[in-house]
Amino acid sequence: MSMFRPKKMELSGFVNTLALRDYSKRKAFEKHEPERQALRYAIRNTSLPQRVRAQAQLQLSQMHCYTRPTQIKNRCVAGGKARSVIRAFRLGRFQFRMQALAGELPGVKKASW
């Protein structure tokens with residue numbers, strides 16, 4: 001498990017352990033994604049022998065859970081909240097509102113009509 005925790009990271013926006021864990025999951029996923037894709041291709045390729053496909057399936061099932069894309073959760077980089085996160089900015093709705101009103105987000109301004 002220690003190999004999936006990055007040694008050096010920017011702690012500028014992280015405030016809680018859940019956000020740190022999400023960061024390490026994203027880095028692990030990014031690192032192991034080509035290997036996962038190759039194994040998934042080998043499993044689905046029906047022209048390969050059944051033994052090779054079974055070995056690929058075994059290797060894929062034994063990979064660490066942090067390498068799965070389903071483990072990644074959208075979290076606010078400023079507050080660490082997992083709910084109501086705006087994907088384009090990776091901010092929770094309240095943090096988005098505060099930064100937009102302060103003029104810290106490029107291209108965002110308060111609507112009025």
Q: Could you pull out the closest heavy-atom pair between Cys76 and Gly92, with the gap in Å?
A: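 Scanning both residues, the minimum pair turns out to be SG-N, 3.2 Å.
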Q: Between Arg40 and Arg44, is any pair of side-chain heavy atoms under 4.5 Å apart?
A: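 A side-chain contact exists here, since the closest heavy-atom pair is under 4.5 Å.
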Q: With ILVMFWY side chains joined below 4.5 Å, transitively, what does Val85's cluster contain besides itself?
A: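 Besides Val85, the hydrophobic cluster comprises nothing; the residue is isolated.
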Q: Would you please name every residue forming a side-chain contact (heavy atoms from CB on, under 4.5 Å) with Ala82, sequence neighbours left out?
A: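 Per chain and number, Ala82 pairs via side-chain contact (heavy atoms from CB on, under 4.5 Å) with Lys73, Arg75.
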Q: To the nearest 0.5 angstrom, please state how far the CD atom of Glu104 sits from the CG atom of Leu91.
A: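 Result: 10.0 Å between the selected atoms.
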Q: Can you name the nearest heavy-atom pair linking Ala28 to Thr67, along with the distance?
A: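 That would be O-CG2, 4.2 Å.
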Q: Could you list all the ring-ring contact (aromatic ring centres under 6.0 Å, His included) pairs where at least one residue sits in residues 67-91, not counting sequence neighbours?
A: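 Sorted pair list: Phe89-Phe96.
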Q: For a 4.5 angstrom cut-off between non-hydrogen side-chain atoms, does Gln95 reach Lys81?
A: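 The answer is no, as the side chains (C-beta and beyond) never meet within the 4.5 Å cut-off.
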Q: By side-chain contact (heavy atoms from CB on, under 4.5 Å), which residues pair with Ala38, not counting sequence neighbours?
A: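 side-chain contact (heavy atoms from CB on, under 4.5 Å) check on Ala38 returns nothing, list empty.
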Q: Can you tell me how far apart CD1 (Ile43) and CG (Leu58) are? Round to the nearest 0.5 Å.
A: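 Going from the CD1 atom of Ile43 to the CG atom of Leu58 covers 9.5 Å.
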Q: Under a single-linkage definition using a 4.5 Å side-chain heavy-atom cutoff for Ile, Leu, Val, Met, Phe, Trp and Tyr, are Leu18 and Val77 assigned to the same hydrophobic cluster?
A: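 No, because Leu18 and Val77 fall into different hydrophobic clusters, even though each may have its own neighbours under 4.5 Å.
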Q: When Ile, Leu, Val, Met, Phe, Trp and Tyr are grouped by side-chain heavy atoms lying under 4.5 Å apart, directly or through other members, which residues fall in the same group as Phe94?
A: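 The other cluster members (ILVMFWY side chains, heavy atoms under 4.5 Å, direct or chained) are Met98.
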Q: If you count the non-hydrogen atoms of other residues, nucleotides and ligands that lie under 6.0 Å from CZ in Arg97, is the total more than 12?
A: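 Not buried by this count: 12 neighbours or fewer within 6.0 Å.
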Q: What residues form a side-chain contact (heavy atoms from CB on, under 4.5 Å) with Arg68, not counting sequence neighbours?
A: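 Only Arg36, Cys65, Thr70, Gln71 meet the side-chain contact (heavy atoms from CB on, under 4.5 Å) criterion with Arg68.
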Q: Please report the closest heavy-atom contact between Gln99 and Ala78, naming both atoms and the distance.
A: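 For Gln99 versus Ala78, the nearest heavy atoms are NE2-CB, 4.3 Å.
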Q: Give the other cluster members for Leu48, using side-chain heavy-atom distances under 4.5 Å between Ile, Leu, Val, Met, Phe, Trp and Tyr residues; answer none if it is isolated.
A: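 In the cluster with Leu48 are Val52.
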Q: To the nearest 0.5 Å, tell me how far Ser61 OG sits from Leu39 CG.
A: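 Answer rounded to 0.5 Å: 10.0 Å.
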Q: Would you please name every residue forming a side chain to side chain donor-acceptor pair (under 3.5 Å) with Glu33, sequence neighbours left out?
A: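 Listed in chain order: Gln37.
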Q: For Ser47, give me all partners under side chain to side chain donor-acceptor pair (under 3.5 Å), at least two apart in sequence or on another chain.
A: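 Here the qualifying residues are Asn45.
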Q: In the hydrophobic clustering that connects Ile, Leu, Val, Met, Phe, Trp and Tyr at side-chain heavy-atom distances below 4.5 Å, which members other than Ile72 occupy its cluster, ordered by chain and number?
A: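 So far as hydrophobic clustering goes, Ile72 is joined with Phe29.
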Q: With sequence neighbours excluded, what pairs up with Arg53 under the salt bridge (charged side-chain N to carboxylate O under 4.0 Å, His left out) test?
A: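 With sequence neighbours excluded, Arg53 shows a salt bridge (charged side-chain N to carboxylate O under 4.0 Å, His left out) to no residue whatsoever.
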